[in-house]
Protein chains: 2
Amino acid sequence: MKTLPSQPNQSLMDGLRLLEALAARAQPVACTDLAKELGMELTRVNRLVKTLHHKGFAHRDRSRKYGPGAGLLVLSAATLNTLGLFRDGLAALQELREEKLVTAIGVLWRDRVSYFYHWSPGQSLEEAVGRMELFPATRSSIGLALLASHEDSEVRALFGRGPIPGFKGWADLKRALDAARRDGCAVMANADGGVSIGVPVGVPPFAGVALSGARGAKEIARLTARLKDLALRIPQNSRLAV
Amino acid sequence: MKTLPSQPNQSLMDGLRLLEALAARAQPVACTDLAKELGMELTRVNRLVKTLHHKGFAHRDRSRKYGPGAGLLVLSAATLNTLGLFRDGLAALQELREEKLVTAIGVLWRDRVSYFYHWSPGQSLEEAVGRMELFPATRSSIGLALLASHEDSEVRALFGRGPIPGFKGWADLKRALDAARRDGCAVMANADGGVSIGVPVGVPPFAGVALSGARGAKEIARLTARLKDLALRIPQNSRLAV
DNA sequence: TTTCATTTGGCTATAATAGCAATCACCTGG
DNA sequence: CCAGGTGATTGCTATTATAGCCAAATGAAA
């Protein structure tokens, strides 16, 4: 569990919230809209966002709307390089292309999965990377595989008393988590009749890899083994223990 | 020029400095080392870094050293998607592979260029992306091309009274900037006898693309024209005006 | 040009934060 | 296993960075 310091820095936390919101906006956004969405006081938002802008992390257009700035791109480049997930993880995943199935790498982010890479047959690499979908973790085989590496208490805390997407309640989810722990992977049915297989990467797991669209017990078993083998080959400097 | 708000947020600024430092570290780092490097008071660094960790932006290992966290990857994915620079810019650049020359996309970051993509012949796409080199802007054709889109006063402010890498002083640099403005691109000699051609992307320019290793006036002219044509084809939603 | 909506600055009060010193945690060597 | 040393972290108090209210400035649309 991630402990706060004795004196957490509130300004930093709220600034990061704004940075996340800006990074994900398809269109430039006004401060008043940001303040409404995030439930923050307007003057404060304006000052934080202007600070982000001054430092290059936000971009401001002529009509005073804000979007992601060059600093975010620089931060992205640095992160990709340092973590090596791009270079090493994707290199490993390229060999799966021959399966002609949807292939993904994702990381757990709160109660969601961020699909850092989500390739469908016929796509180029550039089209597959930087997908921003934050998908409910409990509706994702990667999500389940990664949640299974957490203590039950942590997973419960993540969902609180609210509904758990795709599950009828905690007992239902716990069954799936226990199965994922037993099997070392998570298998989920797709709407189209195939299944998605998610395998954790790293000890402790920091990301997950998945194939989606597998059909038939034999193929599922074969692909599961293949994914697990591949997960073991992603180098350890990609580590991002959750 | 990017104005600060009347009340800039110092905590956010210092937190971002720490985030940048963490993103770029090849190895996990202790708070004491971070504090020394950045000239910040240790308790403060500890609190800011623990706050980053709590929010998922830093990763903490068993020996209490910190590195980039999953949140940075999520932020990277969101940024890449929102800016579209990856999908659209790289797709455009793939056609340059046939030139068998070093190919790059970079963005200006303070007095440096961040090579978001830096491909050498024989590399795969995964190897070329997420290169974190922050290279002196004045030693880079992309850097020069992008600096040329700024007012002279801004460029001067960037270097202050210090030395200007690769130039004998301001007058020398100004000559190069004026040439870049006149030509719509920057051409720099490489150590190996070839040249690097950098072309700004966007109006106003938000990134640069470059080819390196060109030789001979005819080839340089041909490649320059090709780069300029390509720069015009990178879609406008990639925009990141500096 | 005027009007309206949004952004931003100034001011004052306050609470978030800074830094010092003590305590805690971890690692290494005997 | 224990002790010592080093670094991480907390608690406390003072201070200053920041919050929020309100008015001024700015930009866009009619």
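Throughout, a chain's letter reflects where its sequence line sits, starting with A, and its residues are numbered from 1.
- Two residues, B/Gln7 and A/Leu12, neighbour DNA chain C, and the one matched to the more 5' nucleotide by heavy-atom proximity is B/Gln7.
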Please tabulate, one pair per line, each protein N/O and nucleotide N/O from nucleotides 25-30 of chain D that are separated by under 3.5 Å, including the distance.
from, atom 1, to, atom 2, distance (Å)
D/dG27, O4', A/Arg64, NH2, 3.3

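- The phosphate of D/dA17 has neither OP1 nor OP2 within less than 4.0 Å of any side-chain N or O from B/Asn9.
- When distances run from any side-chain atom of A/Gln10 to the nucleotides D/dA19, C/dG10, C/dT17, the shortest one goes to C/dT17.
- Proximity note for B/Arg47 (side chain, C-beta onward) versus C/dT8, C/dT17, D/dC12: the nearest is D/dC12.
- Across the interface with DNA chain D, nearest-nucleotide mapping of B/Lys65 and B/Pro8 shows B/Lys65 to be the residue nearer the 5′ end.
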Below 3.5 Å is the cut-off: list the nitrogen or oxygen pairs between protein and nucleotides 1-4 of chain C, distance only.
none

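- Regarding contacts with the backbone of C/dT7, every side-chain N or O of A/Asn46 stays at 4.0 angstrom or more from both OP1 and OP2.
- Comparing atom distances between the B/Thr32 side chain and each of C/dT17, C/dG9, D/dA8 picks out D/dA8 as nearest.
- When the nucleotides D/dT10, C/dT17, C/dG9 are ranked by their closest atom to the side chain of B/Ser11, C/dT17 comes out on top.
- Minimum atom distance to the side chain of A/Leu42 is reached by C/dT7, of the listed D/dT10, C/dT7, C/dG9.
- To the nearest 0.5 angstrom, A/Cys185 atom SG is 12.0 Å from A/Ile142 atom CD1.
- For A/Ala30, counting side-chain heavy atoms from C-beta on, the closest listed nucleotide (D/dT13, D/dA19, C/dT7) is C/dT7.
- Taking the six-membered ring where tryptophan is involved, the planes of A/Tyr66 and A/His53 are perpendicular, since the angle between them exceeds 60° and thus also 30°.
- Ion pair B/Lys174/B/Asp178 flagged as a salt bridge, since at least one NZ, NE, NH1 or NH2 atom sits closer than 4.0 Å to an Asp/Glu carboxylate oxygen.
- Proximity note for A/Arg44 (side chain, C-beta onward) versus D/dT9, D/dT10, D/dT18: the nearest is D/dT18.
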